[in-house]
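Reading through the structure tokens given below for one structure.
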Amino acid sequence: MPQSLAKILVHIVFSTKDRTPLIDKPIENQLHAYMATIYRDLDSPAAIIGGRPDHVHALVSLSRTKSLSEVIKKVKGESSKWIKTKGIPYRRFFWQSGYGAFSVSESQFKIVEKYIREQKLHDDGTTFRNELRGLFRKHGIDYDERYVWD
């Protein structure tokens with residue numbers, strides 16, 4: 001095949017350091033838009049970005065020339081630097097060091113997109129930890145609690 005083609009959909013999730021609720025209403029839309037620009041510039045366009053005050057979800061089409069870890073490192077680094085310029089409340093903003101990434105089949109795209117769009121509706125007392133544990137179970141990921149949270 002003379003041409004390389006790929007469509008790799010990934011649901012990416014990561015939280016603020018110590019799950020500190022710093023993604024408030026005044027900054028949320030700007031942050032998500034800024035992150036979308038970074039994903040796009042990395043040839044990994046985001047179909048949707050959403051979340052809650054302590055974490056973010058993104059559904060992206062991963063670049064065929066960049067690794068997942070490279071894309072996430074760049075998005076987290078650049079968005080963290082950017083948000084710190086947005087005022088005193090954000091000067092201590094950091095992302096957690098890790099992330100969750102889950103493959104998404106084309107047949108599940110709309111379901112994951114809706115899940116991310118309705119993050120605010122999921123605010124049923126479920127913590128980020130429990131939400132992530134559920135994603136780990138759903139995707140059959142073994143994990144050790146000692147190394148997941150920071």
Side-chain angles (χ1 to χ4, degrees), residues 1-86 90 92-123 126 128-143 147-150:
M1 183 174 194
Q3 187 178 20
S4 299
L5 302 170
K7 185 171 186 181
I8 303 167
L9 300 172
V10 183
H11 177 188
I12 300 168
V13 186
F14 49 87
S15 77
T16 57
K17 178 100 171 132
D18 299 320
R19 285 147 313 282
T20 306
L22 292 172
I23 307 170
D24 55 15
K25 287 194 185 294
I27 200 71
E28 178 183 46
N29 289 338
Q30 293 175 61
L31 174 63
H32 294 170
Y34 190 77
M35 293 173 80
T37 300
I38 301 166
Y39 280 117
R40 185 200 66 219
D41 291 348
L42 294 169
D43 299 320
S44 298
I48 188 167
I49 299 174
R52 295 195 219 164
D54 67 345
H55 69 279
V56 68
H57 293 256
L59 179 56
V60 305
S61 182
L62 187 64
S63 168
R64 65 177 184 77
T65 61
K66 294 177 178 54
S67 71
L68 176 65
S69 61
E70 178 184 355
V71 168
I72 294 172
K73 180 178 181 180
K74 192 84 164 168
V75 169
K76 288 168 67 174
E78 289 188 20
S79 63
S80 182
K81 286 178 196 170
W82 172 84
I83 199 170
K84 287 176 178 144
T85 69
K86 296 303 172 184
Y90 310 109
R92 293 187 179 161
F93 186 95
F94 293 94
W95 293 114
Q96 71 175 105
S97 58
Y99 60 86
F102 311 96
S103 61
V104 176
S105 67
E106 187 65 37
S107 65
Q108 297 297 301
F109 178 89
K110 291 290 184 192
I111 293 166
V112 175
E113 183 181 47
K114 181 179 179 198
Y115 177 82
I116 294 171
R117 186 178 335 101
E118 296 179 351
Q119 272 293 295
K120 298 282 190 296
L121 301 177
H122 301 165
D123 200 6
T126 301
F128 171 71
R129 284 183 179 206
N130 285 338
E131 183 181 12
L132 195 58
R133 286 177 185 123
L135 288 167
F136 290 155
R137 280 191 301 277
K138 181 177 182 178
H139 291 274
I141 296 175
D142 292 326
Y143 64 97
Y147 306 111
V148 175
W149 318 113
D150 67 348

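- Looking at Trp95 and Val75, their side chains never come closer than 4.5 Å, going by heavy atoms from C-beta outward.
- With 3.5 Å as the limit, one finds no donor-acceptor pair spanning the side chains of Thr85 and Lys81.
- Between atom CD1 of residue Ile38 and atom CD of residue Glu78 there is a gap of 4.5 Å, rounded to the nearest 0.5 Å.
- With 3.5 Å as the limit, one finds a donor-acceptor pair spanning the side chains of Gln119 and His55.
- With rounding to the nearest 0.5 angstrom, the CG atom of Asn130 is 11.0 Å from the CG atom of Leu135.
- Arg19 places a side-chain heavy atom less than 4.5 Å from the side chain of Arg129.
- In this structure, NZ on Lys86 lies 6.0 Å from CD on Gln30, to the nearest 0.5 angstrom.
- The side-chain contact (heavy atoms from CB on, under 4.5 Å) with Val104 is formed by just one residue from the set Val10, Val60, Ile8, Leu59; it is Leu59.
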*Test log, rule side-chain contact (heavy atoms from CB on, under 4.5 Å), inputs Gln96 and Phe128*: CA-CA 12 Å; Gln96 71 175 105; Phe128 171 71; 3.8 Å; yes

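- Across Thr20, Ile27, Ile23, a single residue satisfies side-chain contact (heavy atoms from CB on, under 4.5 Å) together with Phe93, and that is Ile23.
- Taking the side chain as every heavy atom from C-beta outward, Ser79 and Leu31 approach each other to under 4.5 Å.
- Other residues, nucleotides and ligands contribute only 12 or fewer heavy atoms inside 6.0 Å of the NZ atom of Lys73.
- We find the OH-CD1 distance between Tyr34 and Ile83 to be 11.0 Å, quoted to the nearest 0.5 Å.
- The side-chain tip of Lys76 does not point at the ring of Phe94 from less than 6.0 angstrom away and within 45° of straight on.
- In Arg117, the CZ atom is crowded: over 12 heavy atoms of neighbouring residues, nucleotides or ligands sit closer than 6.0 Å.
- Atom CD1 of Ile12 is separated from atom CG of Leu62 by 7.0 Å, given to the nearest 0.5 angstrom.
- Checked options Phe14, Tyr99, Tyr115; the residue passing with His57 is Tyr115 (criterion: ring pair (Phe, Tyr, Trp, His ring centres under 6.0 Å)).
- A distance-only check finds a donor-acceptor pair linking the side chain of Ser44 to the backbone of Ser63 [under 3.5 Å].
- Contact annotation: the side chain of Ile49 approaches that of Tyr39 to within less than 4.5 Å [non-hydrogen atoms, C-beta and beyond].
- Across every non-hydrogen atom of Leu68 and Ala101, the tightest pair is CD2-CB, 3.4 Å.
- Salt-bridge annotation for Lys110 and Glu113: present, with a side-chain N of the basic residue lying under 4.0 Å from a carboxylate O of the acidic one.
- Ser61 places none of its side-chain heavy atoms less than 4.5 Å from the side chain of Phe109.
- The two residues Asp43 and Lys66 have their closest heavy-atom pair at OD2-NZ, 3.7 Å.
- Residues Gln108 and His11 bring no donor and acceptor atom of their side chains to less than 3.5 Å of each other.
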*Kindly indicate, with the supporting measurements, whether the criterion side-chain contact (heavy atoms from CB on, under 4.5 Å) is fulfilled by Tyr143 and Arg133.*
CA-CA 9 Å; Tyr143 64 97; Arg133 286 177 185 123; 3.2 Å; yes

